[in-house]
Amino acid sequence: MIKFLPMLITFFIFTACSLPDFKTHPNAWQHKSASAFNSYTKNFLRANDAIAKSDLKRAIAHAKHSADLTSLARIYLGECALHVSVGIKDTCQKYNEISNLINSKELEAYKNFITKSINKSQINLLPKHYQNYTQKDILSMPKITSKLLSATLIKDKLHVYIVKQLIKDSSYYGYKKAVIFWLKELKTKTLDIKQKKRIDKKISILNSK
Amino acid sequence: MQYDKMKLAVGIFVITFFIGVSTFLYFLLDEKGTFDKRYSYKFKAYSAESFSVGMPLKLSGFTIGMIDEIKLQDDTSVIVTFSVDQDNRKWIAKNSVLNVKKPLIGSSYLIIYSAIGNELLEENSMLEVIVSDDINDMIAKLEPVVNKIINIIDSIDKITTYIAREDSEIRHTLENIEKFSDNLAKNDALLTTVTGDERATQSLVNSLESTAKIMQDIQNMTSGLKSKIIDPTSSTIKEIEIIMKDIKQKLDALDSTVKTVGGFDKDLEILKEQITAGLSKSNEMMDKIDAMLQDEKATEVILP
């Protein structure tokens, strides 16, 4: 241990010197905003609400350093999408308030997509994995957040297997909010009373402190 | 000679004076009617109390004669003689009546009620007399009043006598009142005493008792209400009162604390600034840690 310690310290010093983050970039605010929102996404889904709130505030604060409100609009849309993905009702009002200040058809199409008001003409403006996807396509989506969002938007039509798989994936990432949400959805799709009781018990355990 | 003349003159004077006085006296007396012939008349009275010698006889307010003599007779009656002069004799006619007037004020006098046109009454004739005096008249007038008063007194006497009688109605009434009051004293129920009907009294008493029961039931209900609702409410109100007092105490303590804290406004401002600066520094650290921990060096916010 004593021998290992100097090596560790040396390693950290060289790593620190090599990291470009310690260099000041002109658009450091963008990085910081993106990083903060990324951290918010994880902490929100993990039900670390206090940290998530702090991360979101940091992300918004960094995004407001620029007159280009695209980052801010993306933060608002991302927040709305995360809410929708775990069953929280959200009309993306924050985005709507600044949508007329940005000219982004993609973001507008994305907003319509998550609020289930998209036109056929806007589908092509969505990310590819959201364009005409089916249940089978959900499990093959690249990001867990995409899986959760796309599944929530068609939750009534989802097969139990897909729901179970989503629960499994969410549990793997430790996304507690998503787990609880999909457990409740599984309960609605389950006819077996015993199974329902087991699901209720799981939910109560997860909700308890 | 001279002396003789004087004596003669004096003598003539005296005589002349004497004659003159005598003549004067004569005429005077004649004028007074001393030498007139008077005609006497008489009347009989039972008592001489009302009369006196010299009592005038009047006719229509004029004195035409006077009483000359009052004599007591053997039969205890009184003969009164009065006289009138020649001129006034014409008033003393037959069937004239004398009236003795005894005014309340002044002396008594005789009044003649002359029967004018009748023959003149002969001298020394007896006239009829009516004794009337004001006192008697008054008495005469009062007499009926007095009689009435006497009657009233008699009636009162009769009434009281009647009242005092044992079989009188008033006595019966009083006895009845006495009985009533005795009954009242003995009987608790006034109604029984008044009506004499115990059943009526009993039914009324029963009604009152049932009313009393109803009132008691109502009272029980209200007492139950009191214990079920009012008391708990009262106790709740008391608890609320205790809570409010506690809150007030705490607010007072808080107020003092706020005042104490308020005194540290400047220090708090400095502290706030320092905390803000610390938070900003920690945020920067977190940003750097995020950047270190995250694989992708994204510049764009990644949407789900």
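Keep in mind that this is a model prediction, so the values were computed, not measured. Hydrogens, waters and symmetry mates are skipped; everything else that's a heavy atom, side chains included, is used.
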Hey, are the side chains of B/I302 and A/K143 touching, using non-hydrogen atoms and a 4.5 Å cut-off? yes
In terms of heavy-atom contacts, does CD of B/E49 have more than 12 from other residues, nucleotides or ligands at under 6.0 Å? no
Note, A/L107 side chain near B/L303 side chain (heavy atom, < 4.5 Å): yes
Can you find a pair of side-chain heavy atoms, one from B/P304 and one from A/T41, that are under 4.5 Å apart? no
Shortest non-hydrogen contact from B/V301 to A/S33? CG2-OG, 4.2 Å
Counting only heavy atoms not in A/N103, do more than 12 sit closer than 6.0 Å to its CG atom? no
Which atoms of A/I75 are under 4.5 Å from chain B, going by heavy atoms: the side chain, the backbone, both sets, or neither? both
If we only count heavy atoms from C-beta on, is the B/E300 to A/Q30 side-chain gap below 4.5 Å? no
Please check if the number of heavy atoms outside A/K168 that lie under 6.0 Å from its NZ is greater than 12. no
Top residue by heavy-atom pair count (under 4.5 Å) with chain B, among A/Y110, A/Y130, A/F37? A/Y110
Should we say atom OH of A/Y173 is surrounded by more than 12 heavy atoms from elsewhere, each under 6.0 Å from it? no
Please flag which part of A/R58 lies under 4.5 Å from any non-hydrogen atom of chain B: side chain, backbone, both or neither. side chain
